[in-house]
Structure formats: structure tokens, C-alpha cells
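Heavy atoms only: backbone and side chains are in, while hydrogens, waters and symmetry mates are out. The first residue of the sequence shown is numbered 1, and numbering continues consecutively from there.
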Amino acid sequence: MGHKELYKLFIEHHPQWAGDVALWFPNGKNSIRVRLNNRREYVCIYDSRTKDWSVETAKSYLKRQKQKG
């Protein structure tokens, strides 16, 4: 799935965030990074097998990635 389609799907599943998104960026396979108007950033990962979302702060995501090596 392309990142544009992924963002559209994210907004469909999280309509409460639709008006708060300032920017969004591709973040890897099935993953986007969302910056809200309040400047907080989240990494949103879609699992196509379970059709479920994982959302975490960008800071937490980056810390976890560093721990993986």
C-alpha cells in the first residue's frame, strides 16, 4: 500500500485527528509519521494482516529503534 493510501486509511480510522494534522511523512513500509498542529509527532504503523494500527510518539519509536540495534 502506498503512503498516500495509508494516510487516507489512517484518517478514516482516526477521524478525530483529521483536523489536527499539520503534516505527515512516509516512515517506512506501512508506516507514516504525523505531526499535529500542537507540534507533537507520532509514528503510525498499519498491520495489514490484522487490519490494526499501532500509534506511538516519535520519540518512543526512535528510542525503540535504537535499542533494536
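Applying the salt bridge (Lys or Arg N to Asp or Glu O under 4.0 Å) test to pairs two or more places apart or on separate chains, those with a residue in residues 25-38 are R33-E41, R35-E41.
Taking every heavy atom of both residues into account, N37 and A22 meet most closely at OD1-CB, 3.4 Å. Of all heavy-atom pairs spanning G2 and E5, the tightest one is CA-OE1, 3.1 Å. When every heavy atom of Y46 is checked against every heavy atom of M1, the shortest pair comes out as CE2-CE, 4.3 Å.
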(request) Check the pair H14, Q16 against side chain to side chain contact (heavy atoms under 4.5 Å, CB included), reporting the backbone distance first and the verdict last. (result) CA-CA 5 Å; H14 300 87; Q16 69 276 16; 4.1 Å; yes
(message) Run the side chain to side chain contact (heavy atoms under 4.5 Å, CB included) test on V43 and S31 for me, step by step, so that the C-alpha distance in whole Å, both residues' side-chain angles and the decisive distance to 0.1 Å come before the verdict.
(response) CA-CA 7 Å; V43 174; S31 177; 3.6 Å; yes
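Under the rule for a side-chain contact (heavy atoms from CB on, under 4.5 Å), the partners of R40 that lie at least two apart in sequence or sit in another chain are N38, Y42.
Taking the six-membered ring where tryptophan is involved, the planes of F10 and W17 are perpendicular, since the angle between them exceeds 60° and thus also 30°.
With values rounded to the nearest 0.5 angstrom, S54 atom OG is found 9.5 Å from Y61 atom OH. Here OG of S48 is found 10.0 Å from CG of L6. Values are rounded to the nearest 0.5 Å. The CZ atom of R49 sits 10.0 Å away from the CG atom of N30 when rounded to the nearest 0.5 Å. Atom CD of E12 sits about 9.0 Å away from atom NZ of K8, to the nearest 0.5 Å.
Looking at heavy atoms from C-beta onward, H3 lies out of side-chain contact with Y7 at the 4.5 angstrom threshold. A 4.5 Å side-chain heavy-atom check between V34 and F25 finds every atom pair outside the cut-off. No side-chain heavy atom of P26 sits less than 4.5 Å from a side-chain heavy atom of I32. Taking the side chain as every heavy atom from C-beta outward, W53 and I45 never approach each other to under 4.5 Å.
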